[in-house]
Amino acid sequence: MEVVSDIEKFETLLENLSEENIFNRFCFSDETLDDYKEKLKKFTESNSSSTVSNKEKKESLEDLVSFISKKTNLFTVYENIKTSTNEIDLLLSLKKPTGSIIFEKMIALKNDRVLLECKNYNKKIDVTWIGKFYSLLRTSKTRIGIIFSYRGFTGTNWNDGVGLVKKIFLIDNTIILDFSLKDFEKIAEGISILKIINSKILSLKYDTQIENYISEHPLENEF
């Protein structure tokens with residue numbers, strides 16, 4: 001008698017579901033969504049207040065991100081991991097087989113963990129912090145990281161923070177994603193974080209495709 005593993009069963013399930021159905025499976029239930037909206041409200045109110053300390057603002061962001069990470073049931077969450085050189089806000093280990101297979105198939109990323117950093121400043125995240133986060137990813141041998149903040153990255157197109165993450169992706173295929181207030185609000189509207197992440201990764205990949213700009217040079221046959 002042939003024994004079918006849990007991984008094979010799950011892969012078969014994925015093959016029979018549309019991409020949208022897979023994303024919808026990781027939307028919050030009504031009860032969880034209500035709890036999420038309360039945490040989001042606390043996060044937005046803390047950032048619009050001049051009397052709330054930076055420490056409290058950071059804690060409200062970390063609480064929100066931790067809640068999302070745990071409730072999606074895609075990850076095992078480790079908080080405040082200290083190494084000899086760094087402290088990692090949140091380390092996500094993809095649950096097997098669910099998380100690992102979905103990230104590999106739906107997001108085209110074969111990896112066993114994701115690093116999250118929470119930066120709740122009164123300004124946008126600039127190239128300095130993105131560069132430091134990239135260094136942390138390299139040191140920890142992690143290929144995907146997400147920076148959560150209120151205001152997002154500086155710049156547009158190939159400039160400043162937004163441009164730097166594109167250049168980093170071209171250099172060694174490391175993915176750094178920007179997750180800001182507008183993305184948190186999408187979750188409150190019922191959109192799954194898996195769909196948001198997938199969209200961001202596809203956008204990063206398409207924005208860095210250079211093949212369409214390459215054509216044959218007249219002198220190529222001379223070499």
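The figures here come from the full heavy-atom set of this structure, side chains too, leaving out hydrogens, waters and symmetry mates.
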Check your understanding: Given Asp178 and Val165, is the side-chain contact (heavy atoms from CB on, under 4.5 Å) satisfied, shown in steps?
Key -> CA-CA 9 Å; Asp178 174 15; Val165 298; over 6 Å; no
Check your understanding: If you look at every heavy atom in Gly145 and Leu137, which pair is closest and at what distance?
Key -> CA-CD2, 4.0 Å
Point to revise | Value rounded to 0.5 Å, distance of CG in Asn120 from OG in Ser60 | key: 5.5 Å
Review point. Are side-chain heavy atoms of Leu194 and Asn198 found at a separation under 4.5 Å?
Key: no
Exercise for review: Flag the pair Lys132 / Thr128 as yes when at least one side-chain heavy-atom distance between them is below 4.5 Å, and no otherwise.
Suggested key: yes
Exercise for review: Decide side-chain contact (heavy atoms from CB on, under 4.5 Å) for Thr142 and Thr174; before the verdict, give the C-alpha distance in whole Å, the side-chain angles of both, and the deciding distance to 0.1 Å.
Suggested key: CA-CA 8 Å; Thr142 305; Thr174 295; over 6 Å; no
Exercise for review: Would you please test Glu38 and Lys42 for salt bridge (Lys or Arg N to Asp or Glu O under 4.0 Å) and show each step?
Suggested key: CA-CA 6 Å; Glu38 283 298 315; Lys42 181 179 178 181; over 6 Å; no
Review point. Mind checking whether Phe148 and Phe179 have parallel, tilted or perpendicular rings, split at 30° and 60°?
Key: tilted
Check your understanding: Strictly by modelled atom types, are Ser149 and Ser180 linked by a side-chain donor-acceptor pair under 3.5 Å?
Key -> no
Review point. Can you check side-chain hydrogen bond (donor to acceptor under 3.5 Å, both in side chains) on Ser53 and Glu56, steps first, answer last?
Key: CA-CA 5 Å; Ser53 68; Glu56 290 175 295; 3.1 Å; yes
Point to revise | Nearest heavy atoms of Leu64 and Leu40, plus distance in Å | key: CD1-N, 3.8 Å
Check your understanding: Are more than 12 heavy atoms from other residues, nucleotides or ligands located less than 6.0 Å from atom CG of Asp172?
Key -> yes
Exercise for review: Heavy atoms only: give me the nearest Ile130-Gly161 pair and the separation to one decimal.
Suggested key: CD1-CA, 3.5 Å
Exercise for review: Give the intermediate values and the outcome of side-chain contact (heavy atoms from CB on, under 4.5 Å) for residues Lys58 and Asn54.
Suggested key: CA-CA 6 Å; Lys58 187 172 188 293; Asn54 290 334; over 6 Å; no
Point to revise | Separation between CD1 of Ile196 and CD1 of Ile191, rounded to the nearest 0.5 Å | key: 6.0 Å
Review point. Do other residues, nucleotides or ligands put more than 12 heavy atoms under 6.0 Å from the NZ atom of Lys57?
Key: yes
Review point. Quick check, are the ring centers of Phe184 and Tyr150 under 6.0 angstrom apart?
Key: no
Review point. Is any side-chain heavy atom of Ile168 less than 4.5 Å from a side-chain heavy atom of Ile176?
Key: yes
Study note, to complete from the structure: On a heavy-atom basis, the closest approach of Gly155 and Val162 is O-CG2, 3.1 Å
Practice item. Would you check if the side chain of Thr208 reaches a backbone N or O of Leu204 as a donor-acceptor pair within less than 3.5 Å? Key: yes
Exercise for review: Taking all non-hydrogen atoms of both residues into account, name the closest pair between Lys119 and Trp129 and its distance.
Suggested key: NZ-CZ3, 3.3 Å
Review point. Residues two or more places apart in sequence or in another chain: which of them pass side-chain contact (heavy atoms from CB on, under 4.5 Å) with Lys71?
Key: Phe28, Thr32, Phe67
Study note, to complete from the structure: Output for pair (Leu115 CG, Glu117 CD), nearest 0.5 Å, gives 9.0 Å
Check your understanding: CD1/Ile197 to CD1/Ile144 distance, rounded to the nearest 0.5 angstrom?
Key -> 6.5 Å
Practice item. Decide side-chain contact (heavy atoms from CB on, under 4.5 Å) for Asp160 and Asp126; before the verdict, give the C-alpha distance in whole Å, the side-chain angles of both, and the deciding distance to 0.1 Å. Key: CA-CA 7 Å; Asp160 301 318; Asp126 61 19; over 6 Å; no
Exercise for review: Consider only side-chain heavy atoms of I, L, V, M, F, W and Y, link residues closer than 4.5 Å, and tell whether Val52 and Leu61 are in one cluster.
Suggested key: no
Practice item. Find the distance between OG1 (Thr139) and NZ (Lys141) and round it off to the nearest 0.5 Å. Key: 8.0 Å
Revision key, fill the gap. Of all heavy-atom pairs linking Leu116 and Ser69, the shortest is CD1-OG, 3.7 Å
Point to revise | Ser203 (side chain) donor-acceptor with Ser199 (main chain) under 3.5 angstrom | key: no
Review point. Do the side chain of Ser49 and the main chain of Ser46 share a donor and acceptor less than 3.5 angstrom apart?
Key: no
Exercise for review: Determine whether more than 12 heavy atoms belonging to other residues, nucleotides or ligands lie under 6.0 Å from atom NZ of Lys166.
Suggested key: yes
Practice item. Using side-chain contact (heavy atoms from CB on, under 4.5 Å) as the criterion, list what pairs up with Lys167, not counting sequence neighbours. Key: Trp158
**Study point:** Rounded distance (nearest 0.5 Å) linking atom NZ of Lys195 with atom NZ of Lys200
**Key:** 14.0 Å
Review point. Do Glu59 and Lys55 have side chains that get closer than 4.5 Å, going by heavy atoms?
Key: yes
